[in-house]
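The structure under discussion appears below in the form of structure tokens.
One-based numbering along the sequence shown. Being a predicted model, the structure only gives us computed values, none of them experimental.
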Amino acid sequence: MKDYLILRELDDPISREDLHGAAEKSGEALEALRSEGVDIRWVDSEVLTNDDGEVTGTFCHYQAESEDAVREHADRAGLPATRIDRQGEPLAGED
């Protein structure tokens, strides 16, 4: 599997409750894809917020057999996939 980073920009901010619902749909889509033999796994996500604490998007890390698998997951889950890139080499931060 390859590592992919996905930017999911939302047109309008959502609540944390809405984010939880989106996560459930994502999990269901992952299970369905895996049951069909698609190699895909969610690793983690970072939530993006505005100054009011509303969710404006996410950066997600997935491992998948292909970019097409990542796009199919987004379509089935009803999630945006504004940008999908292969993960490169990490850079060290400050100590």
Residues in side chain to side chain donor-acceptor pair (under 3.5 Å) with [X], at least two apart?
| X | answer |
| --- | --- |
| Thr49 | none |
| Glu36 | Arg76 |
| Arg16 | none |

Looking only at heavy atoms, which two atoms of [X] and [Y] are closest? And how far apart?
| X | Y | value |
| --- | --- | --- |
| Arg71 | Ala81 | NH1-O, 4.1 Å |
| Ala32 | Ser35 | O-OG, 2.7 Å |
| Arg8 | Pro80 | NH1-O, 2.8 Å |

**Q.** Spacing of Leu10 atom CG and Asp18 atom CG [to the nearest 0.5 Å]
**A.** 9.5 Å

Q.
As an exercise, state the distance from OG1 of Thr58 to CG of Leu79, rounded to the nearest 0.5 Å.
A. 7.5 Å

I'd like to check the side-chain contact (heavy atoms from CB on, under 4.5 Å) partners of [X]; sequence neighbours left out, ordered by chain and number.
| X | answer |
| --- | --- |
| Asn50 | Pro13, Asp52, Glu54, Thr56 |
| Asp75 | none |
| Asp3 | His61, Gln63, Gln87 |
| Asp39 | Met1, Glu65 |

**Q.** Which residues share a salt bridge (Lys or Arg N to Asp or Glu O under 4.0 Å) with Arg41, sequence neighbours left out
**A.** none

Could you give the side-chain donor-acceptor pairs of residues 22-29 under 3.5 Å, partners two or more places apart or in another chain?
| unit_1 | atom_1 | unit_2 | atom_2 | d |
| --- | --- | --- | --- | --- |
| Glu24 | OE2 | His20 | NE2 | 2.9 |
| Ser26 | OG | Tyr62 | OH | 3.3 |
| Ser26 | OG | His73 | NE2 | 3.0 |

Q. Residues sharing Leu91's hydrophobic cluster, by side-chain heavy-atom contacts under 4.5 Å among ILVMFWY, directly or via others?
A. none

Q) Hydrophobic clusters join Ile, Leu, Val, Met, Phe, Trp and Tyr when side-chain heavy atoms are under 4.5 Å apart, directly or via other members; which others share one with Phe59? A) Leu7, Leu48

Q: Flag yes if Leu5 and Ile40 sit in one hydrophobic cluster, no otherwise; membership is Ile, Leu, Val, Met, Phe, Trp, Tyr, and two members link when side-chain heavy atoms are under 4.5 Å apart.
A: no

Q: Would you mind listing every salt bridge (charged side-chain N to carboxylate O under 4.0 Å, His left out) that reaches into residues 81-92, with sequence neighbours excluded?
A: Arg83-Asp85

